[in-house]
Amino acid sequence: MPDLATPLIAWYAEHRRDLPWRREGFDAWGVLVSEFMLQQTPVTRVIPHLEAWLLRWPRPSDLAADAPAEAVRQWANLGYPRRAIWLHRAAGEIAERHGDVVPRDVEALLALTGIGDYTARAVSVFAYGDRHPVVDTNTRRVLARTVDGRSQPGPPAKRDLAAMAAVLPADDSAAAIVNAAAMELGAVVCTARAPRCGACPLADRCAWRAAGYPDTGDERRRQARYEGSDRQARGAVLRTLRDAAPDPVPLTAVLADWPDGAQRDRAIDSLIADGLAEASDSLLRLPAHPETGATAGRTGSGRSSA
DNA sequence: GAGTCGTGGCT
DNA sequence: TAGCCAAGACT
């Protein structure tokens, strides 16, 4: 295994982008919110939404005190709106279980709603400086090319964490920088399409380059077509509710001209099931009340922090 | 573990 | 232009 850490650290020192969550004093709550927003959403779209969100809700308890409907409205068009519900839920869990302080331990973070292997480690490493492998899609691509000599990574797997752990230096702060640098390199140089190998600090030790840039295929799942999908219908329903809020919308008026009535009804039902909408008295609206009891947290997943 | 889940920019 | 792609997580 070639040394990737040393050239990554040197490259990152010179080329890192100036992003809000890398500013001095950006707190753990800000990092957590940024990571929620960055799940599958490009950096350039996240930045303005992140700043508005943190101005409105500077602490987890501020968000938890508001209705989930307000989180969905503030989320606007960032996409995957279940993240807004999950972030609202996580804020309540942090306020109640952790004294309004974002937890530092990976296990405690994993127990929060909407936080998985990536986000838990990203918060622990980037907000608190602890030493863990942080593996996102960018890092998986960098490792696939430099270490495995492949053009694209395979589907996400647990072994990705071990692969990145093998790259990290022993020092905590240096390890955090290497984690960030691998992600950054994948985001701006070692990109999915048209990588800029001429600007890559790892080119002289890259297995994919040494092999002549072979096309090794792409085992990743392809996204389903969006046009005409249930997802599109859900997006249209939720846009209607956001635009009307705080007023509710008569059920008969929701996507009244949608070409597929059964699909429209599926969309409404699934939004209600996800906690993104509520129906009563033939009206549909954004969720006014936080969930309670069994839906408020994770149980039986085997990942609780107890 | 495979399916599902938004939105918009880029090529 | 139609598809690709984007700091994933949940069921």
Side-chain angles (χ1 to χ4, degrees), chain A residues 16-17 19-22 30-50 72 75-87 89-90 109-127 133-142 152-158 160-161 164 176 179-188 190-195 218-239 241-242 266-267 269-271 273-276 295 297-303:
Chain A
R16 56 175 282 187
R17 291 170 292 176
L19 299 172
W21 43 92
R22 292 175 180 166
V31 171
L32 186 147
V33 173
S34 76
E35 295 298 349
F36 264 86
M37 291 184 171
L38 288 164
Q39 292 168 5
Q40 300 285 281
T41 301
V43 165
T44 53
R45 285 184 57 203
V46 161
I47 290 174
H49 289 278
L50 172 66
V72 176
W75 197 260
N77 62 340
L78 270 176
Y80 289 144
R82 289 187 295 191
R83 290 181 293 166
I85 292 295
W86 291 339
L87 178 52
R89 230 172 260 176
L109 287 159
L110 284 171
L112 299 175
T113 300
I115 293 190
D117 285 329
Y118 165 76
T119 303
R121 289 170 177 78
V123 170
S124 182
V125 170
F126 299 138
V134 182
V135 178
D136 75 332
T137 187
N138 292 307
T139 292
R140 293 196 310 108
R141 185 172 52 252
V142 168
Q152 299 290 345
K158 290 293 184 185
D160 299 336
L161 287 175
M164 187 59 190
N179 276 310
M183 293 170 59
E184 186 79 348
L185 188 72
V188 302
C190 192
T191 50
R193 286 183 296 183
D218 191 341
E219 304 170 17
R220 293 172 300 170
R221 285 178 286 130
R222 293 186 181 177
Q223 287 186 7
R225 178 182 181 82
Y226 183 67
E227 190 68 25
S229 67
D230 283 13
R231 301 164 72 179
Q232 184 183 38
R234 281 171 54 105
V237 170
L238 202 58
R239 179 185 300 270
L241 296 184
R242 280 201 313 264
R266 267 203 311 281
D269 289 344
S270 69
L271 287 170
D274 285 345
L276 281 161
T295 62
R298 266 188 201 142
T299 57
S301 66
R303 342 174 5 188

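Chain naming here is simple, since letters A, B, ... match the order of the sequence lines and numbering starts at 1 in each. Owing to the predicted nature of the structure, the values given are computational and were not obtained by experimental measurement. All heavy atoms count here, side chains included; hydrogens, waters and symmetry mates do not.
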- For the side chain of A/Thr41 and the base of B/dG6, is some donor closer than 3.5 Å to an acceptor across the two? yes
- Query: Do the side chain of A/Asp136 and the main chain of A/Asn138 share a donor and acceptor less than 3.5 angstrom apart?
  - Reply: yes
- Give a yes or no answer on whether the side chain of A/Asp160 reaches the backbone of A/Ala157 with a donor-acceptor pair at less than 3.5 Å. yes
What's the closest nucleotide to the side chain of [X] if the choices are [options]?
| X | options | answer |
| --- | --- | --- |
| A/Arg45 | B/dG6, B/dT7, C/dA7 | B/dT7 |
| A/Asn138 | B/dT7, C/dA7, C/dA6 | C/dA7 |
| A/Arg193 | B/dC10, B/dG6, C/dA6 | B/dC10 |
| A/Asn77 | C/dA7, B/dG8, B/dG6 | B/dG8 |

Interatomic distance, [X] [atom1] vs [N] [atom2] [rounded to whole Å]:
| X | N | atom1 | atom2 | value |
| --- | --- | --- | --- | --- |
| A/Tyr226 | C/dT1 | OH | C1' | 19 Å |
| A/Leu109 | C/dA9 | CG | P | 11 Å |
| A/Arg141 | C/dC5 | CZ | C1' | 9 Å |
| A/Arg83 | B/dG6 | CZ | C1' | 8 Å |
| A/Arg140 | C/dA6 | CZ | C1' | 13 Å |
| A/Met183 | C/dG8 | CE | C1' | 11 Å |
| A/Gln40 | B/dG8 | CD | P | 16 Å |
| A/Glu184 | C/dA6 | CD | P | 14 Å |

- Query: Between A/Glu35 and A/Tyr118, is any side-chain donor less than 3.5 angstrom from a side-chain acceptor?
  - Reply: yes
- Item | Exercise: do A/Ser229 and A/Arg234 side chains pair donor with acceptor under 3.5 Å | no
Classify [X] by what it touches in the nucleic acid, base, sugar-phosphate, or nothing, heavy-atom distance under 4.0 Å.
| X | result |
| --- | --- |
| A/Thr119 | sugar-phosphate |
| A/Pro81 | sugar-phosphate |
| A/Arg225 | sugar-phosphate |
| A/Gln223 | base |

- How far does the P atom of B/dG3 sit from the matching atom of C/dA7, given to the nearest Å? 24 Å
Under 3.5 Å between N/O atoms: give me all the protein pairs with nucleotides 1-4 of chain B, atom names plus distance.
from  : atom 1 : to       : atom 2 : distance (Å)
B/dG3 : N7     : A/Arg221 : NH1    : 3.0
B/dT4 : O4     : A/Arg221 : NH1    : 3.2

- Task: Let me know, please, whether A/Gln152 or A/Gln39 comes out on the 5' side of the other along DNA chain C by nearest nucleotide.
- Result: A/Gln152
- Message: Can you give me the closest heavy-atom contact between A/Val237 and A/Ala267, atom names plus distance?
- Response: CG2-CB, 4.2 Å
- For A/Thr113 against A/Trp86, the heavy-atom pair lying closest together: CG2-CD1, 3.5 Å
